[in-house]
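Each remark here refers to the structure printed beneath this line.
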Amino acid sequence: MRWNQTLLETLKEIPAEAEVVSHQLMVRAGLIRKVAAGLYNYLPLGWRTLRKIENIVREEMDAAGAVEVQLPILSPAELWQETGRWEKYGAELFRVRDRHERDFALGPTHEEVITDLVRKIVRSYRQLPVNLYQIHTKFRDEIRPRFGVMRAREFIMKDAYSFDRDEAGAEASYAKMSQTYHRIFKRCGLRFKAVEADPGAIGGSFSSEFMVLAATGEEVIASCTQCKYAANVEKAQGRLADPPKAEKPVPRQLVDTQGKHTVEEVAAFLKVPTTRLAKTLLYDADGELVAVVIRGDREVNEIKLKNHLDVNALTLATPEQIQGATGAPVGFAGPFNMKGVEKILMDDSLEGAVNLVSGGNRADTHATGVNPDRDFKPTQVLDLSLAQAGDHCPQCGAPLEIERGIEVGHVFKLGTKYSQAMRATFLDEAGQEQFCVMGCYGIGVSRIAAAAIEQNHDEHGIIWPLPIAPYQAVLLPVAPKDPQAGAMAETVYQELRAAGVEVLLDDRDERAGIKFKDADLIGIPLRLTFGKHAAENLIEVKRRDTGAVELVPRPDIVVRIQTLCREMLDVASG
RNA sequence: CGGGGCGUAGCGCAGUGGAUAGCGCACUCGCUUGGGGUGCGAGUGGUCGGAGGUUCAAUUCCUCUCGCCCCGACCA
């Protein structure tokens, strides 16, 4: 491709609206342009990278025995109503109405549509297992789209759905997809980690997320410093590093704490460690008031709480609700003598703790000597806290560390959640009707592009891993006064193309400095310069990643570039 | 949805109750330069986000509205 022929404009300045580096570079390098919040045009360069990612995904999915289909973006409300997700998916589901006032959804995911398809076709165990996938545009009405294509309202996703005759089969399908995902992300040149996750709105019994490790990632991961355990903090179970010591219970007493609300203020005022405090939080769970009691230095994991309570809406109680339940303003709730509270859930961080400090259920008052079972009776004691650095690994006991990541893939064991709701059944050998056992597997194709940049860039621009680079090599004729250099660039361009190398020829009438800057910015792995060495029949080849420069004799250039491409491809795919 | 910020040329930004609204970059033309965003000159480009109000006069003040960004809440 010739630069003048493609629509490629680079920007010298950082767009004001872009906060993270991948977003800034995607705009500056001419990969994307914004249409509206969370909606982007993919320009030729960006689209090429996307297609390359898609092709890697396609090759690996096909190799794993999955088959590609294409489902419609619009799907009728009836299908979503069958599984209850028309309501349950909430405001994030884009809804549209046709001229006959019929409701449709713009698909954020396709469990309903695929299950509907399969139930209409599959009747016998002989037709199973089957794994269907598509690469398509998805829609989610994100509350706050941000970071460019990282969290967009319209994005490209590969979604796959497996249907098996039994749990064992489903387990095998899941394992196969998990392996395939490792291969895909490796081939995309990403440094990533698979972690245990919360299945969220998709549901099912178990899921793993594939996280690209990056400091700007929106996801927080707790991983063991010794063993392989790693989990999204939404899911992670950290064991307490410093469990409470046994002590003789003392009587409960109210103390005046004069407007000290926060855990830190109260602990400092009473000269006790924050671990001594029993933080009491009130939640409105589908209209019911639920109290959560947790150690002062720990945070409630609302995902765990919501999953445990199995409710649709979980929010912190309003000041009015808190006043009604405790008789005190916000900041002075204690777990005893509350009114209208349905459940008191105690985090296991307080298991065995004695002589705690809690709110006194009276303005400007806290209680000391608060003891579980004596002063209040927890409805249940369970793990409700957010794992933190230093917690002990639930598997080997070593300390956990906290990292950040970008979720690029998520695999789920769905069980029969959808096949039961939608009656996707088949007859087994015994002629018995059985529900399909399902799995589903998503990859954020457009997000991979952003994540790859987040991981591979420097102060000059993008450093594309070769397998997903829009072009493998960029050719820079930089000596316009020397017709020989220009002619050499032209013939090398033709020869490389003929040899199957993906090349971009910077045929603009620009100075060398501009071409060098732009080549760095758009991050093409190999740069060929036709300039002062052309007279000696030499071409300068520079690698974008290592910066290594070599002078290659004109006759060897095609073979040399092919060799370099192969090397860089092998490194990426291991 | 709550809090905050911003909407002025393609991009980054100044500016003002008054006349023809500016700077840098980009773009066009000419010359110059030619291995890391060359220099000089001449140009093109604006409903000052939109609506309403106050005023002799509004891009500027007020109200509303739309859009964008950040924090939070929320959320595969």
Side-chain angles (χ1 to χ4, degrees), chain A residues 9-20 23-24 27-28 30 33-39 85 88-93 107-111 138-148 151 153 155 157 159 195 197-204 207-211 218-219 232 234-235 283-284 302-303 306-307 312-316 318 406-412 414 440-444 447 459-461 476-482 485-486 506 508-521 527-535 538-540 542 547 549 551:
Chain A
E9 185 178 57
T10 57
L11 299 180
K12 203 181 281 190
E13 310 216 44
I14 298 171
E17 68 190 23
E19 202 195 0
V20 296
H23 185 196
Q24 294 172 352
V27 177
R28 287 190 57 211
R33 279 292 171 92
K34 186 172 74 177
V35 178
L39 301 175
R85 287 209 296 183
K88 194 127 190 169
Y89 214 97
E92 209 174 312
L93 185 66
T109 176
H110 277 76
E111 285 79 11
K138 292 282 184 283
F139 294 83
R140 290 182 194 179
D141 195 356
E142 294 284 350
I143 295 178
R144 185 140 89 88
R146 59 178 146 179
F147 303 153
R151 181 168 295 280
R153 291 192 289 178
F155 58 97
M157 182 170 168
D159 47 325
V195 308
D198 180 81
I202 304 291
S207 79
S208 287
E209 288 168 332
F210 288 79
M211 298 287 197
E218 292 189 277
E219 306 293 333
N232 192 314
E234 292 177 353
K235 167 87 177 183
Y283 283 91
D284 180 329
E302 294 187 0
I303 305 271
K306 194 171 173 182
N307 287 342
N312 288 325
L314 178 75
T315 54
L316 278 169
T318 62
I406 300 163
E407 179 193 349
V408 289
H410 201 159
V411 294
F412 302 80
L414 294 176
C440 76
Y441 319 94
I443 288 182
R447 192 179 273 181
E459 67 272 28
H460 301 294
L476 309 186
V478 295
K481 288 272 172 63
D482 176 4
D506 190 349
R508 294 175 301 170
D509 181 19
E510 292 287 0
R511 296 166 53 84
I514 290 181
K515 292 190 179 185
F516 288 140
K517 288 281 186 193
D518 275 343
D520 286 348
L521 178 59
R527 186 186 84 187
L528 282 64
T529 306
F530 301 83
K532 59 192 177 196
H533 303 295
L538 293 171
I539 299 158
E540 178 190 301
K542 183 174 183 183
V549 175
L551 288 172

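Sequence lines set the chain letters: A, B, ... in the order given, protein chains first and strands last, and positions in each chain run from 1.
- The side-chain heavy atoms of I202(A) and R85(A), taken from C-beta on, include a pair separated by under 4.5 Å.
- Between E111(A) and C440(A) there is a side-chain heavy-atom pair separated by less than 4.5 Å.
- A distance of about 32 Å separates the C1' atoms of C71(B) and C25(B), rounded to the whole Å.
- Side-chain N/O atoms of E540(A) and base N/O atoms of G35(B) include a donor-acceptor pair closer than 3.5 Å.
- Residues E92(A) and E142(A) form a side-chain contact, since some pair of their non-hydrogen atoms from C-beta on lies under 4.5 Å apart.
- Taking atom C1' in both G46(B) and C11(B), one finds a spacing of 15 Å when rounded to whole Å.
- Taking atom NZ on K517(A) and atom P on C25(B), their separation rounds to 17 Å, with Å as the unit.
- Comparing the same atom, P, in U63(B) and in G3(B) gives a spacing of 15 Å after rounding to whole Å.
- In this structure, the CZ atom of R28(A) is 12 Å from the P atom of G12(B), given to the nearest Å.
- With respect to R33(A) and E9(A), a salt bridge is recorded, a charged nitrogen being found less than 4.0 Å from a carboxylate O.
- Taking the charged nitrogens against the carboxylate oxygens, E13(A) and R28(A) have no contact shorter than 4.0 Å, which rules out a salt bridge.
- Inter-residue side-chain proximity for I406(A) and R447(A) is flagged as met; some heavy-atom pair is nearer than 4.5 Å.
- Going from atom CG of L476(A) over to atom P of G37(B) covers 14 Å, rounded to whole Å.
- In this structure, the nucleotide among G36(B), G12(B), G37(B) sitting nearest to the side chain of E13(A) is G12(B).
- The interatomic distance linking R33(A) (CZ) with C11(B) (C1') rounds to 8 Å, in whole Å.
- If you check every strand for non-hydrogen atoms under 4.0 Å, I514(A) touches a base.
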Original post:
Reading nucleotides 28-34 of chain B 5' to 3', which nucleotides get B (base under 4.0 Å from a protein heavy atom), which S (sugar-phosphate only), which -?
Top reply: -----BB

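- One C1' atom belongs to U60(B), the other to U16(B), and the distance between them is 6 Å to the nearest Å.
- Ion pair R146(A)/E218(A) flagged as a salt bridge, since at least one NZ, NE, NH1 or NH2 atom sits closer than 4.0 Å to an Asp/Glu carboxylate oxygen.
- Taking the P atom of each, G30(B) and G35(B) are spaced 22 Å apart, rounded to whole Å.
- Going from the C1' atom of A51(B) to that of U44(B) covers 31 Å, rounded to whole Å.
- You'll find the side chain of E302(A) stays beyond 4.5 Å of the side chain of E234(A), heavy atoms only.
- When side chains are defined from C-beta on, D198(A) does not count as touching N232(A), because their heavy atoms never get closer than 4.5 Å.
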Between the protein and nucleotides 68-76 of chain B, which nitrogen or oxygen pairs are less than 3.5 angstrom apart?
from	atom 1	to	atom 2	distance (Å)
C68(B)	OP1	A37(A)	N	2.9
C68(B)	O3'	K34(A)	NZ	2.9
C70(B)	OP2	R144(A)	NH1	3.4
C71(B)	OP2	R144(A)	NH1	2.9
C71(B)	OP2	R144(A)	NH2	2.5
C71(B)	OP2	R146(A)	NH1	3.2
C74(B)	OP1	E302(A)	OE1	3.0
C75(B)	OP1	K306(A)	NZ	2.7
C75(B)	O2'	E92(A)	OE1	2.2
A76(B)	OP1	A201(A)	N	3.4
A76(B)	N7	Y89(A)	OH	3.4
A76(B)	N7	R140(A)	NH1	3.3
A76(B)	N7	R140(A)	NH2	3.0
A76(B)	N6	R140(A)	NH2	2.3
A76(B)	N1	R140(A)	NH2	3.4

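- Nearest approach of P477(A) to G486(A), heavy atoms of both residues: CB-CA, 4.4 Å.
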Subject >> Intra- and inter-strand pairs of RNA chain B in dot-bracket (Watson-Crick or G-U wobble, both distances under 3.5 Å; | for another strand) >> reply: (((((((..((((....[...)))).(((((.......))))).....(((((..]....))))))))))))....

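- Summarising the geometry, the separation between CG on L521(A) and P on G36(B) is reported as 18 Å, rounded to the nearest angstrom.
- The closest side-chain heavy-atom distance from V195(A) to E219(A) is not below 4.5 Å.
- Only the P atoms considered, G50(B) is 44 Å distant from U32(B), to the nearest whole Å.
- For the pair I514(A) and R508(A), the minimum side-chain heavy-atom distance is below 4.5 Å.
- Separation of the C1' atoms belonging to A58(B) and A19(B) is 14 Å when rounded to the nearest angstrom.
- E9(A) has its CD atom 7 Å from the C1' atom of A26(B), to the nearest Å.
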